[in-house]
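Worksheet: one structure, shown below.
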There are 2 protein chains.
Amino acid sequence: MIEQKLSESQQDYLKIVLNLINEKKVARIKEIATRKDVSMPSATEAMRRLFNEGYIQYSAREFIELTTTGEKVAHWLSSKHSFLKHFFSDVLNINEELADREACAIEHHLSNSTLERMILLYQFLNECEKNDSRTINLFKECLKAAEGGAPSSVACRNCFIARNFPHNPGAKTQHTLLANLSRGQDGQIVMLGPDSEIRLSLIDKGLLPGSLFHVEETGDADSPFVIQTNGCLIELDEEAAKMIEVAIEQPK
Amino acid sequence: MIEQKLSESQQDYLKIVLNLINEKKVARIKEIATRKDVSMPSATEAMRRLFNEGYIQYSAREFIELTTTGEKVAHWLSSKHSFLKHFFSDVLNINEELADREACAIEHHLSNSTLERMILLYQFLNECEKNDSRTINLFKECLKAAEGGAPSSVACRNCFIARNFPHNPGAKTQHTLLANLSRGQDGQIVMLGPDSEIRLSLIDKGLLPGSLFHVEETGDADSPFVIQTNGCLIELDEEAAKMIEVAIEQPK
DNA sequence: TTGCATAATTAGGCAAGCCTAATTAACTTA
DNA sequence: TAAGTTAATTAGGCTTGCCTAATTATGCAA
């Protein structure tokens, strides 16, 4: 909340200053420039700006120190960053390095209220008594399954299949596979199937859960399906069309 | 993936052009400027840039149309946006308007691989057979409880309390409340308690799940607890200290 | 204490994205 | 078809955040 007046770049500088002071007792222009991957003059200029706005104590060639405000803001930014990193790595199971980069990328853009809900989700998945870590472990299994043709993927595949064949008693009737639709029908994507490669290609095409579409052409082994979404025509081969669970208005 | 060469601002313009074409058949400078909340000259300039880079068909005072590339990219950006909006509103239960703004804010900054995992989490929570929507509903109950002193919050409060009193047989022994620690101990925050107001104040102070800290001073009803985290000293009253579940190295 | 290496700063420039004011083109309507 | 309105563009300027090259300050070593 307090940091609103700082640009993204300035926020990054401030965090770097805090980290350097914590790690090495002093923050020097050279290190700041290195960590931010900019030239030293850029770092000097940034320090001047932070000084003018009251976040650091700075005068040419002297020690750089955080003011009380600066310390508060920097600490808050760091906390947010590390929570997001935890979220990415503990919930989404993203490796540390990427988790760190992603946290950096989005930390400047999340409102506090969304952050709070992510915290609640995090706590719910990892700590809620009622779940007793059953849920997060189940999700991690699914992630593993989703990542490749690992043996455990059988579970996810079965789940997907179970939902999409009419003889499955648990199937929700208004759901089906895109491959089963006929020309002219409208629908909404509910779920992408368990094949990692196909799923990535669907994501690349912008076919994600929630997308609304209209079937232009039904295909078969030889000719592609054509659907329209967002005013764009998209072609899909049969295999892909069988990997998309959709919801439709009236059962066909 | 394709959009990497476009700046954030350009990506926004491109999406706006797509939306206008879909909604009104034509995209005009004035509307673009209005939606982006910039002046018309800025929109003109942006169109020139998008034209130079091959995303749109444009020459002064003529119709603006998307090229094939432009259409692909714009569609992909829109899809990503609307998935994120779905995620925020369906999973985190954020209202439509804020969900839309938050999606806007972070869509430019998420890698595809993180996006894929968010999709998997979304699918898992909303659609996984094994969960059968039990989990997401449970989470939404928790959200409701977390939001205010609603009657249902009793559940969450009980859950939090159950974990944090030693006579609870299910309690994980290495977890306790921050209020129970003594001076000099180190710990890590695991969970913020069920009181909405206190939780927000903790978030504001940068005390989030995952934060590492060191107890400087234990407090009581009269004097505050002081903990150090990230090189900063933070004061907490007793009530707040009782709302923070922590993990410690050795049980006290 | 002189000299050299390193750190920091100054000076001057550039691109992206925005702005306002002024101008030009295009539509509309009497 | 001439006038007035609205849309779009041009011209010129500003800020942020970066850069390189040149300069100045600092600290260590002989």
Side-chain angles (χ1 to χ4, degrees), chain A residues 3-17 20-21 23-66 70 73-74 77 104-105 107-109, chain B residues 3-17 20-21 23-66 70 73-74 77 104-105 107-109:
Chain A
E3 84 278 13
Q4 299 303 18
K5 306 187 126 189
L6 289 170
S7 71
E8 279 179 53
S9 177
Q10 285 177 306
Q11 292 179 34
D12 289 334
Y13 281 113
L14 201 57
K15 276 197 318 183
I16 288 170
V17 170
L20 282 171
I21 290 176
E23 286 168 36
K24 316 206 163 176
K25 307 283 175 241
V26 286
R28 275 195 261 96
I29 294 288
K30 185 155 190 231
E31 263 293 290
I32 295 169
T34 307
R35 295 218 178 172
K36 182 90 205 295
D37 197 22
V38 297
S39 67
M40 289 203 291
S42 302
T44 301
E45 200 187 328
M47 290 308 107
R48 207 160 18 218
R49 275 199 306 267
L50 286 176
F51 170 68
N52 287 334
E53 288 162 33
Y55 295 93
I56 62 173
Q57 200 45 55
Y58 167 76
S59 56
R61 289 168 219 270
E62 306 258 312
F63 284 135
I64 292 166
E65 280 173 356
L66 292 166
V73 175
L77 293 170
C104 257
E107 63 181 358
H108 304 296
H109 304 277
Chain B
E3 84 279 13
Q4 300 303 19
K5 307 186 125 189
L6 288 172
S7 70
E8 277 179 53
S9 177
Q10 285 177 307
Q11 291 179 34
D12 289 334
Y13 280 113
L14 201 56
K15 276 197 319 184
I16 288 171
V17 170
L20 282 171
I21 290 176
E23 287 168 35
K24 318 208 163 176
K25 305 289 175 240
V26 287
R28 275 194 261 97
I29 295 288
K30 182 150 189 232
E31 263 292 290
I32 295 168
T34 306
R35 296 216 179 173
K36 182 89 204 296
D37 197 24
V38 296
S39 66
M40 290 203 290
S42 302
T44 301
E45 200 188 328
M47 291 308 107
R48 209 160 20 219
R49 275 198 308 268
L50 286 176
F51 170 69
N52 287 335
E53 287 163 33
Y55 295 93
I56 63 173
Q57 201 45 54
Y58 167 75
S59 58
R61 291 168 216 269
E62 305 256 313
F63 284 135
I64 292 166
E65 280 173 357
L66 293 165
V73 175
L77 293 171
C104 255
E107 63 182 357
H108 305 296
H109 304 277

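Just so it is clear, the values below take in all heavy atoms, side chains as well, and ignore hydrogens, waters and symmetry mates. A note on names: the letters A, B, ... follow the listed sequences, proteins ahead of strands, and every chain is numbered from 1.
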#### Entry: Any A:Ile64 side-chain heavy atom under 4.5 Å of A:Ile32 side chain
yes

### Message
Just verifying a value: how many Å separate A:Ile21 CD1 and A:Arg28 CZ, rounded to the nearest 0.5 Å?
### Response
12.0 Å

### Task
Name all residues meeting the side-chain contact (heavy atoms from CB on, under 4.5 Å) criterion together with A:His108; count only those two or more places apart in sequence or in a different chain, and write none if there are none.
A:Glu8, A:Gln11, A:Asp12

### Task
Determine which pairs satisfy salt bridge (Lys or Arg N to Asp or Glu O under 4.0 Å) with at least one residue from residues 46-57 of chain B, sequence neighbours left out, and list them in order.
B:Glu45-B:Arg49

### Query
How far apart are the closest heavy atoms of A:Ala74 and A:Lys15, and which atoms are they?
O-CG, 4.4 Å

### Task
Pull out every residue in residues 40-53 of chain A that has a heavy atom closer than 4.0 Å to any atom of DNA chain D, ordered by number, or say none.
A:Pro41, A:Ser42, A:Glu45, A:Arg49

### Query
Whole-Å distance between C:dG17 P and A:Glu8 CD?
13 Å

### Task
Would you mind reporting whether A:Tyr58 and A:Thr44 have side-chain heavy atoms less than 4.5 Å apart?
yes

### Min side-chain heavy-atom separation B:Leu6-B:Leu50 under 4.5 Å
yes

### Query
Checking B:Gln10 side chain against B:Ser7 main chain: does a donor-acceptor pair fall under 3.5 Å?
yes

### A:Ile56 vs A:Leu14 side-chain heavy atoms within contact, under 4.5 Å
yes

Check: protein-nucleotides 23-29 of chain C nitrogen or oxygen pairs below 3.5 Å:
| residue | atom | partner | partner atom | Å |
| --- | --- | --- | --- | --- |
| C:dA25 | O4' | B:Arg61 | NH1 | 3.4 |

### Message
Heavy atoms only, 4.0 Å cut-off, all strands: where does B:Ser9 land among base, sugar-phosphate and nothing?
### Response
sugar-phosphate

### Message
Before you tell me yes or no, could you show the steps for B:Met47 and B:Ile29 under side chain to side chain contact (heavy atoms under 4.5 Å, CB included), namely the whole-Å CA-CA distance, both residues' side-chain angles and the distance that decides it to 0.1 Å?
### Response
CA-CA 8 Å; B:Met47 291 308 107; B:Ile29 295 288; 3.8 Å; yes

### Query
Of all nucleotides in DNA chain D with an atom under 4.0 Å from a non-hydrogen atom of chain B, which is the first and which the last going 5' to 3'?
D:dA7 to D:dT10

### Contact residues, residues 27-35 of chain A to DNA chain C [heavy atom, < 4.0 Å]
A:Arg28, A:Ile29, A:Lys30

### Message
I need the minimum non-hydrogen distance between A:Tyr13 and A:Ala46, along with the two atoms involved.
### Response
CE1-CB, 3.3 Å

### CZ (A:Arg35) with more than 12 external heavy atoms under 6.0 Å
yes

### Query
Under 4.5 Å between any side-chain heavy atoms of B:Glu31 and B:Glu23, yes or no?
no

